[in-house]
Amino acid sequence: MSLHLIIGNGTPPTTGPYGVHEDLNVRLISPSGTFVDLVQDRWGYNTGDPTQLSTFHTFAPVNATVNFDDDNPTNIETLDNWQAGNYAPHNSLSAFDGENAAGTWTLRISDGNSQFSPQDYFHFVTATLTITSGPSNNPPAIFIDNSNLAYTEGETAKQIDNSATVSDADGDADWNGGSIVAQITANAEAADELSIMDTDGDGTAITISGTNIYSNGVDIGNLSASGGIITNGTALTITFDSDATNANIQEVLQSIRYRNTSTNPGTSNRTVTITAADSNAASANDTRTITIAKIPEVTSVTVPSNATYITGQNLDFTINFNENITVNTAGGTPQLGITIGSTTGEATYQSGSGSSALLFRYTIQAGDLDTDGITVGSLEANGSTLRNNSGNDAVLTLNSVGSTTAVLVDAAAPTVTSVNVPANATYIAGQNLDFTINTSENVTVNTTGGTPQLNITIGATTRQATYQSGSGTSALLFRYTVQAGELDTDGIAIGTLSANGGTLGDAASNNLNNTLNSVGSTTAVLVDALAPVGYAVSFNQNPINDANATSISFSYTGAEIGSTYNYTISSSGGETNVTGTGTIVTTNDHVGGIDLNTLAD
């Protein structure tokens, strides 16, 4: 800017010496009202002391052209007075950057200090102002879709705008030293990521190697981050070189992408601001808002309490999600796979739709058995849908599943594996018939309501062997004591086992299956507690005398074969009785060779 200013003697208001007393002000005001002080309170002939007015000199006329330039090392205020030359102004002319030169510019010149009037007097004659500047520069123009960009958790990097445009009317050369800066300027998180990836296949391929960026293999600039990836709200800056053009810079703009790498991103909207600047630092920017939708996923699985579960009891599982889930069972019912022992089953969905906790249940079936802990399998939609309020399907992968090593199942009733019977023999009145019932596991017997019984048949009569002992083991003793008059000559028979008001169950309270298995043979387990009847016995010698006393005999008629006989022969004369015993062999048995000589006559 050039300013030609004439300051000289005029007609003063009074007589005496006149001058400028350290207070000349020169201000330039643009058509828009922006002002810059070129000179501020400068020049004079003393220190401002009113007692020294006699030292003032008449201000000599000045007729000088001064060129103002912010870059000049010499400030005009370092001079003794206004004089021709090139100088820097009091304030920077950069305040006028971007101003339209058209319109009325105002130059205001004043003698600001009046305390020494009338001696402090200044006379303005004329001024000529010429404003000059470098060639005009147009800032880049950038346009990005201003509608919201929807991003869902887990998606790959998504283009900010694949139709975004940017250009500089001053031509490709204006990008040499220019830049594009992309940054998340609102609600950035550590897992937020901006990157550059060109996959549209439109003929201009943007590629990256380290901090270099290429267009169809030509290096067009440098990146502020190796690989062109930044996180956590950091600015991604691409600085261009002389090979950059409007076309390939627009391709770079369209290649800027967003993604979030977290499995639990915040849902506050992100604002991405992209600024394009040319080599003259003229810039423009545009923004796009990104909405974040989380994918519902399982955070944990609550399993049944540690216990042993039996028939009819429920195994309840609660599947917890990171947000509310709506379950639609129109097409099927969700299932949670579980393994009990070696058998796979399904816990089916029960309730919880609209909340973040869904209940699944399996009811124990008779015969289920798992002694080392059930196993939780996978969650299946099974034709249903499980979605969040945004309509996103839940990820069904299970996380943080509770331990089930102590969740046991025993719905398998103990069984009778075998029955030990009495030894082969003929049992008589007062003798015991003992039966041991062996079970598949330890069985507890509770006789509060009654005593278990094992039915047996002796001859044609049903009897009961009653429980004696063995509770808490796998061998239960039952006993029957033979009663007088009972008879079974072809082997007793074993019937059924009855609880008879008592209980026989395992540790899980499963009742014993009373079916008898592997019962021992009883065909030789005989009973004879019936006294012989209907027989007769007589001595074969009558009378008995010395002649026959050494060989006495007697005979039975109608005797019971197998029965035992006992005899005692005594004499009225005293001496030791003659006794004997034997077994009937035939119904008309003969017993002889009895010597009675020891008896007195």
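The structure presented is a predicted model; accordingly, all values stated were derived computationally and were not measured.
A side-chain contact (heavy atoms from CB on, under 4.5 Å) with Asn285 is found for one member of Thr273, Ile144, Thr185 and no other, namely Thr273.
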Output a table of donor-acceptor pairs, distance under 3.5 Å, between side-chain atoms of residues 30-38 and any protein atom two or more places apart or on a different chain; print 'none' if there are none.
from: Ser30; atom 1: OG; to: Ser32; atom 2: N; distance (Å): 3.3
from: Ser30; atom 1: OG; to: Ser32; atom 2: OG; distance (Å): 3.0
from: Ser30; atom 1: OG; to: Gly33; atom 2: N; distance (Å): 3.4
from: Ser30; atom 1: OG; to: Thr34; atom 2: N; distance (Å): 3.1
from: Ser30; atom 1: OG; to: Thr34; atom 2: O; distance (Å): 3.3
from: Ser32; atom 1: OG; to: Thr34; atom 2: OG1; distance (Å): 3.4
from: Ser32; atom 1: OG; to: Glu99; atom 2: OE1; distance (Å): 2.6
from: Ser32; atom 1: OG; to: Glu99; atom 2: OE2; distance (Å): 3.0
from: Thr34; atom 1: OG1; to: Glu99; atom 2: OE2; distance (Å): 2.7
from: Asp37; atom 1: OD1; to: Arg27; atom 2: NE; distance (Å): 2.6
from: Asp37; atom 1: OD1; to: Arg27; atom 2: NH2; distance (Å): 3.3
from: Asp37; atom 1: OD2; to: Arg27; atom 2: NH2; distance (Å): 3.2
from: Asp37; atom 1: OD2; to: Gln40; atom 2: NE2; distance (Å): 3.0

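Within the 4.5 Å cutoff, side-chain heavy atoms of Val39 are placed close to those of Ile76. Residues Thr271 and Asn187 form no side-chain contact, since every pair of their non-hydrogen atoms from C-beta on lies 4.5 Å or further apart. In this structure the side chain of Ile290 never reaches within 4.5 angstrom of the side chain of Asn148, judged on heavy atoms. Two residues are said to be in side-chain contact when any heavy atoms from C-beta on lie closer than 4.5 Å; Thr329 and Pro334 meet this criterion. You'll find the side chain of Thr375 stays beyond 4.5 Å of the side chain of Ile338, heavy atoms only. Proximity of Ile325 to Ser353: side-chain heavy atoms (C-beta onward) are nowhere separated by under 4.5 Å. Here the side chains of Leu223 and Ile196 are in contact, with some heavy-atom distance below 4.5 Å. Between Leu253 and Ile274, some side-chain heavy-atom pair lies under the 4.5 Å cut-off.
Of all the heavy atoms in Ser167 and Asn246, the pair that sits closest is CA-OD1, 3.4 Å. The minimum heavy-atom distance between Thr348 and Gln335, with the atom names listed, is CG2-CG, 4.3 Å. Nearest heavy-atom pair, Asn388 versus Pro296, reported as atom, atom and distance to 0.1 Å: ND2-CD, 3.4 Å. The shortest non-hydrogen separation linking Arg387 to Gly391 is CD-O, 3.7 Å. Between Asn264 and Lys294, the shortest heavy-atom contact is OD1-NZ, 2.5 Å. Closest of all the heavy-atom pairs between Ile220 and Ala244 is O-CB, 4.0 Å.
When atom types are taken as modelled, the side chain of Asp278 and the backbone of Ala281 share a donor-acceptor pair closer than 3.5 angstrom. Between the side chain of Gln183 and the backbone N or O of Gly233 there is at least one donor-acceptor pair closer than 3.5 Å. Looking only at distances, a side-chain donor or acceptor of Asp192 sits under 3.5 Å from a matching main-chain atom of Glu189. Although no hydrogens or angles enter the test, the distance criterion places a donor-acceptor pair under 3.5 Å between the side chain of Lys158 and the main chain of Ala150. In this structure a side-chain-to-backbone donor-acceptor pair under 3.5 Å is missing from Asp69 to Asn86. Panel note: side chain Asn322, backbone Glu297; a donor-acceptor pair is recorded below 3.5 Å. Side-chain N or O atoms of Thr299 include one that pairs as donor or acceptor with a backbone N or O of Asn320 at under 3.5 Å. The closest donor-acceptor contact from the side chain of Arg361 to the backbone of Gln350 lies at 3.5 Å or more, if one exists at all. Between the side chain of Ser279 and the main chain of Asp174, a donor-acceptor pair closer than 3.5 Å is present. A donor-acceptor contact shorter than 3.5 Å is absent between the side chain of Asn162 and the backbone of Gln159.
Partners of Tyr349 by ring-ring contact (aromatic ring centres under 6.0 Å, His included), not counting sequence neighbours, listed by chain and number: Phe360. Here Asn324 pairs with nothing under the side chain to side chain donor-acceptor pair (under 3.5 Å) rule; sequence neighbours left out. For Ala276, the side-chain contact (heavy atoms from CB on, under 4.5 Å) criterion is met by Pro140, Ile142, Val166, Trp175, Ile180, not counting sequence neighbours. Legend: residues meeting side-chain contact (heavy atoms from CB on, under 4.5 Å) with Thr261, ordered by chain and number and at least two apart, are Ala191, Glu193, Arg259. Qualifying side chain to side chain donor-acceptor pair (under 3.5 Å) partners for Asn222, counting only residues two or more places apart in sequence or in other chains: Asn212.
For the atom pair CG (Asp370) and CG (Asp372), the distance works out to 5.0 Å, reported to the nearest 0.5 Å. Taking CG of Asp316 as the reference point, atom CG of Leu359 lies at 5.0 Å (rounded to 0.5 Å). Atom OG1 in Thr245 sits 12.0 Å away from atom CG in Asn176 (nearest 0.5 Å). To the nearest 0.5 Å, the span separating CG on Leu194 from CD1 on Ile256 amounts to 7.5 Å. Atom CG in Asp161 sits 5.5 Å away from atom OG in Ser163 (nearest 0.5 Å). Atoms OG1 and CG, from Thr152 and Asn260 in turn, are 11.5 Å apart once rounded to the nearest 0.5 Å.
If you look at Phe68 and Tyr87, their ring centroids are not closer than 6.0 Å.
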**OP:** Check the pair Asp368 / Tyr362 against side-chain hydrogen bond (donor to acceptor under 3.5 Å, both in side chains), numbers first and verdict last.
**Re:** CA-CA 12 Å; Asp368 288 344; Tyr362 174 80; 2.8 Å; yes
**OP:** Kindly indicate, with the supporting measurements, whether the criterion side-chain hydrogen bond (donor to acceptor under 3.5 Å, both in side chains) is fulfilled by Asn382 and Ser384.
**Re:** CA-CA 6 Å; Asn382 191 38; Ser384 69; over 6 Å; no
**OP:** Output, in order, the C-alpha distance, side-chain angles, deciding distance and verdict of side chain to side chain contact (heavy atoms under 4.5 Å, CB included) for Asp168 and Ile249.
**Re:** CA-CA 10 Å; Asp168 193 316; Ile249 289 175; over 6 Å; no
Original post:
So Ser195 and Arg257, side chain to side chain contact (heavy atoms under 4.5 Å, CB included) or not? Walk me through it.
Top reply: CA-CA 5 Å; Ser195 62; Arg257 296 171 181 262; 3.9 Å; yes
Original post:
side chain to side chain contact (heavy atoms under 4.5 Å, CB included) between Ile213 and Ile206: does it pass, once the steps are laid out?
Top reply: CA-CA 7 Å; Ile213 185 166; Ile206 301 299; 3.8 Å; yes
Subject >> Stepwise side-chain hydrogen bond (donor to acceptor under 3.5 Å, both in side chains) test for Thr291 and Arg270 >> reply: CA-CA 7 Å; Thr291 60; Arg270 315 295 199 263; over 6 Å; no
Subject >> Pair Val303-Val401, side chain to side chain contact (heavy atoms under 4.5 Å, CB included): steps then yes or no >> reply: CA-CA 8 Å; Val303 299; Val401 179; 4.3 Å; yes
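Neither side chain, Ser300 nor Ser400, offers a donor N or O lying under 3.5 Å from an acceptor on the other. Using modelled atom types, one finds no donor on one side chain facing an acceptor on the other under 3.5 Å when comparing Thr234 with Asn232.
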